[in-house]
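Let me begin by presenting the structure, written as structure tokens, before commenting on it.
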Amino acid sequence: MNGDSNPLVLPTRIFEVLQSFQKTAALRAAAELDVFTAIGGRGLSADEIATECGTSARGMRILCDYLCLTGLVQKRSDRYWLAEEAALYLDRHSHQFIANDAIEVYGGGTLAEGFQYLAQAVRIGGTALPRAGTLAPEHPYWAQFARALAPIGAANARLLAKLLAYSSSRPIRVLDIACGHGHYGIAIAKQNPLAEIFAQDWPPVLEAALANARAAGIAERYHTIPGDVFTADLGERHDLALITNFLPDLGPADCEQLLAGIRSALASDGRAVVLQCIPEDDRLSPPNGPSLALSLLAQTPQGDVYTYRELAEMFKRAGFVRTEVRELGPSLRQHVLIADRN
């Protein structure tokens, strides 16, 4: 070996990774300038969008051309149109507008701050942010997260309710742990008119969940349990406990402590249902697994993604007698783990 590089191997992938920040920056700029709202359902030229947004025509043309590469904007005959996803979630006139919260959650705020100290997080094995990162009591991140993830949560909640198929012929008590936007419990309440939902989370997050419960017409059957999940009174004799996308935020010991507390709150024939990314044993598939694990490293003290074998062992140590895993849907990257109390 003479140390000369192989002329057929170029650093293309390295440069692509280093330039990934451009997508986030472009989306943030477009949202700040209200580009998506300006375009709306119309096909506008760069000059027209620039006039609407109060920018230079040259700058707007360059930004919109780049947005076309992301798939959020389309260009036909020098006019720009919104892709369906952008029209639904990035236009302020849409009732499903999430741009501000989504950008703050994923493109700035605490998560971005955590990634600034990623090397330190790798050194110490957990977030370098103060006060346990996003697990600090009543951290504002979670209210924004609940609002930003509501559309995805509502879609997944319908699938989960269909999978669980709780009969509408008998009353059930549903404990929704770290309920966030609340859609998972709400979907079961809509499916079963005799279901009573008991939703636990921090008070600011519960405000979002209650708003969704009122919009769904089930507010009279939606009860809240505000506060820390480890110290709040979770009640008793629940038929079902929902734990959706929460265990990854915690370390193994905290997961087992939480599961033991949930088991105590269940009826003798109750079940706990977990919905989250459950990676294969190699932890590389599905591909959102490594990405989620890295985010958890940056923003939580001990959060991680857990394989089915790891989760099954946690439930066993917490006292549950049987676990099984199911797919939420063939094209989705989340799985459902169902655990029997007795």
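Computed from a predicted model, the values in this text were never measured in an experiment. Only this structure's heavy atoms are used, side chains among them; waters, hydrogens and symmetry mates stay out.
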Over 12 non-hydrogen atoms of neighbours within 6.0 angstrom of CD1 in I14: no

Which residues share a side chain to side chain contact (heavy atoms under 4.5 Å, CB included) with A30, sequence neighbours left out: V35, F36, L63, L67

Inter-residue atom distance K316.NZ - E256.CD, 0.5 Å rounding: 12.0 Å

same_hphob_cluster(I338, F315) at 4.5 Å side-chain heavy-atom cutoff: no

E220, CD atom: more than 12 neighbouring heavy atoms under 6.0 Å: yes

Student check: side-chain heavy atoms of P226 and L206 closer than 4.5 Å: yes

Sub-4.5 Å side-chain heavy-atom contact between V274 and L247: yes

Short side-chain to backbone donor-acceptor contact, S94 and Q96, under 3.5 Å: yes

Side-chain heavy-atom pair N212, H183 within 4.5 angstrom cut-off: yes

Atom of W202, atom of P137 and distance for their closest heavy-atom approach: CZ2-CA, 3.7 Å

Among L250, L296, T127, the one residue meeting side chain to side chain contact (heavy atoms under 4.5 Å, CB included) with P301: T127

Show every donor-acceptor pair shorter than 3.5 Å between a side-chain atom in residues 189-198 and any protein atom, with sequence neighbours excluded, or say none if there are none.
{"from": "Q191", "atom 1": "OE1", "to": "Y166", "atom 2": "N", "distance (Å)": "3.4"}
{"from": "Q191", "atom 1": "NE2", "to": "A161", "atom 2": "O", "distance (Å)": "2.9"}
{"from": "N192", "atom 1": "OD1", "to": "L194", "atom 2": "N", "distance (Å)": "2.7"}
{"from": "N192", "atom 1": "ND2", "to": "S167", "atom 2": "O", "distance (Å)": "2.6"}
{"from": "N192", "atom 1": "ND2", "to": "R170", "atom 2": "O", "distance (Å)": "3.2"}
{"from": "E196", "atom 1": "OE1", "to": "H223", "atom 2": "NE2", "distance (Å)": "2.5"}

Please report, to 0.1 Å, the donor-acceptor pairs under 3.5 Å made by any side chain of residues 276-294, with sequence neighbours excluded.
{"from": "D281", "atom 1": "OD2", "to": "R309", "atom 2": "NH2", "distance (Å)": "3.1"}
{"from": "D282", "atom 1": "OD1", "to": "L284", "atom 2": "N", "distance (Å)": "2.9"}
{"from": "R283", "atom 1": "NH1", "to": "V305", "atom 2": "O", "distance (Å)": "2.9"}
{"from": "R283", "atom 1": "NH2", "to": "E310", "atom 2": "OE1", "distance (Å)": "3.0"}
{"from": "R283", "atom 1": "NH2", "to": "E310", "atom 2": "OE2", "distance (Å)": "2.5"}

Nearest non-hydrogen partners of R271 and L266, listed with the distance: O-CD2, 3.7 Å

Same cluster (ILVMFWY, side-chain, under 4.5 Å), I177 and L164: no

CA sep, side-chain torsions, deciding dist, call: E236, R173, salt bridge (Lys or Arg N to Asp or Glu O under 4.0 Å): CA-CA 9 Å; E236 58 184 6; R173 291 167 57 90; over 6 Å; no

Other residues, nucleotides, ligands: >12 heavy atoms within 6.0 Å of R237 CZ: no

Minimum heavy-atom distance A318-A260, with the two atoms named: CB-N, 3.7 Å

Donor-acceptor pair between Y308 and T323 side chains, under 3.5 angstrom: yes

Stepwise side chain to side chain contact (heavy atoms under 4.5 Å, CB included) check, D254 with Q257: CA-CA 5 Å; D254 284 341; Q257 179 186 346; 3.9 Å; yes

In one Ile/Leu/Val/Met/Phe/Trp/Tyr side-chain cluster, 4.5 Å: V205, F246: yes

Minimum heavy-atom distance A136-R131, with the two atoms named: CB-O, 3.1 Å

CA sep, side-chain torsions, deciding dist, call: Y184, N156, side chain to side chain contact (heavy atoms under 4.5 Å, CB included): CA-CA 8 Å; Y184 292 102; N156 287 346; 3.5 Å; yes

S20 side-chain N/O to E16 backbone N/O, donor-acceptor pair under 3.5 Å: yes

Parallel, tilted or perpendicular: ring planes of W142 versus F145, cut at 30 and 60 degrees: perpendicular

Check against side chain to side chain donor-acceptor pair (under 3.5 Å), Q144 and N100: CA-CA 9 Å; Q144 295 172 327; N100 292 341; over 6 Å; no

Atom OH of Y89 with >12 non-hydrogen neighbours under 6.0 angstrom: yes

Separation between OG1 of T244 and CG of L242, rounded to the nearest 0.5 Å: 6.5 Å

Geometric cation-pi criterion, R42 with W81: 6.0 Å, 45°: no

Single-linkage hydrophobic cluster V174~L258, side-chain heavy atoms < 4.5 angstrom: no

V17: hydrophobic cluster co-members (side-chain, 4.5 Å): none

V273 side chain near L337 side chain, heavy-atom distance below 4.5 Å: no

K75, NZ: over 12 other non-hydrogen atoms inside 6.0 angstrom: yes

Chi angles and distances behind the side chain to side chain contact (heavy atoms under 4.5 Å, CB included) call for L27, T24: CA-CA 5 Å; L27 179 53; T24 302; 5.9 Å; no

Verdict with reasoning, L234 to L175, per side chain to side chain contact (heavy atoms under 4.5 Å, CB included): CA-CA 8 Å; L234 301 179; L175 175 62; 4.1 Å; yes

Distance (rounded to the nearest 0.5 Å) between I262 CD1 and R341 CZ: 12.5 Å

Same cluster (ILVMFWY, side-chain, under 4.5 Å), L90 and L33: yes

Side-chain heavy atoms of D201 within contact of T224, under 4.5 Å: no

A216 to I186 - nearest heavy-atom pair and separation: CB-CG2, 3.6 Å

Backbone of A219 reached by a side-chain donor or acceptor of R214 within 3.5 Å: no

Residue pair L163 / R326, side-chain heavy-atom distance below 4.5 Å: yes

Side-chain touch L10/F15, heavy atoms, less than 4.5 angstrom: no

Side-chain heavy atoms of Y66 within contact of R61, under 4.5 Å: no

Atom pair CD/CG of Q299 and L129 - distance to nearest 0.5 Å: 8.5 Å

CG-NE2 distance between L328 and H335, expressed to the nearest 0.5 angstrom: 9.5 Å

Charged N-O contact under 4.0 Å between R322 and D340: yes

Sidechain-backbone polar pair: Q74 side chain, A83 backbone, donor-acceptor under 3.5 Å: no

Spatial distance of atom SG (C179) from atom CG (L210) [nearest 0.5 Å]: 8.0 Å

For R158, all residues meeting salt bridge (Lys or Arg N to Asp or Glu O under 4.0 Å), sequence neighbours excluded: none

Under the salt bridge (Lys or Arg N to Asp or Glu O under 4.0 Å) test, residues paired with E32 that sit two or more places apart: none

Heavy-atom donor-acceptor pair, N342 side chain to S268 backbone, under 3.5 Å: yes

Minimal non-hydrogen separation, Y222 against A209, with atom names: OH-CB, 3.5 Å

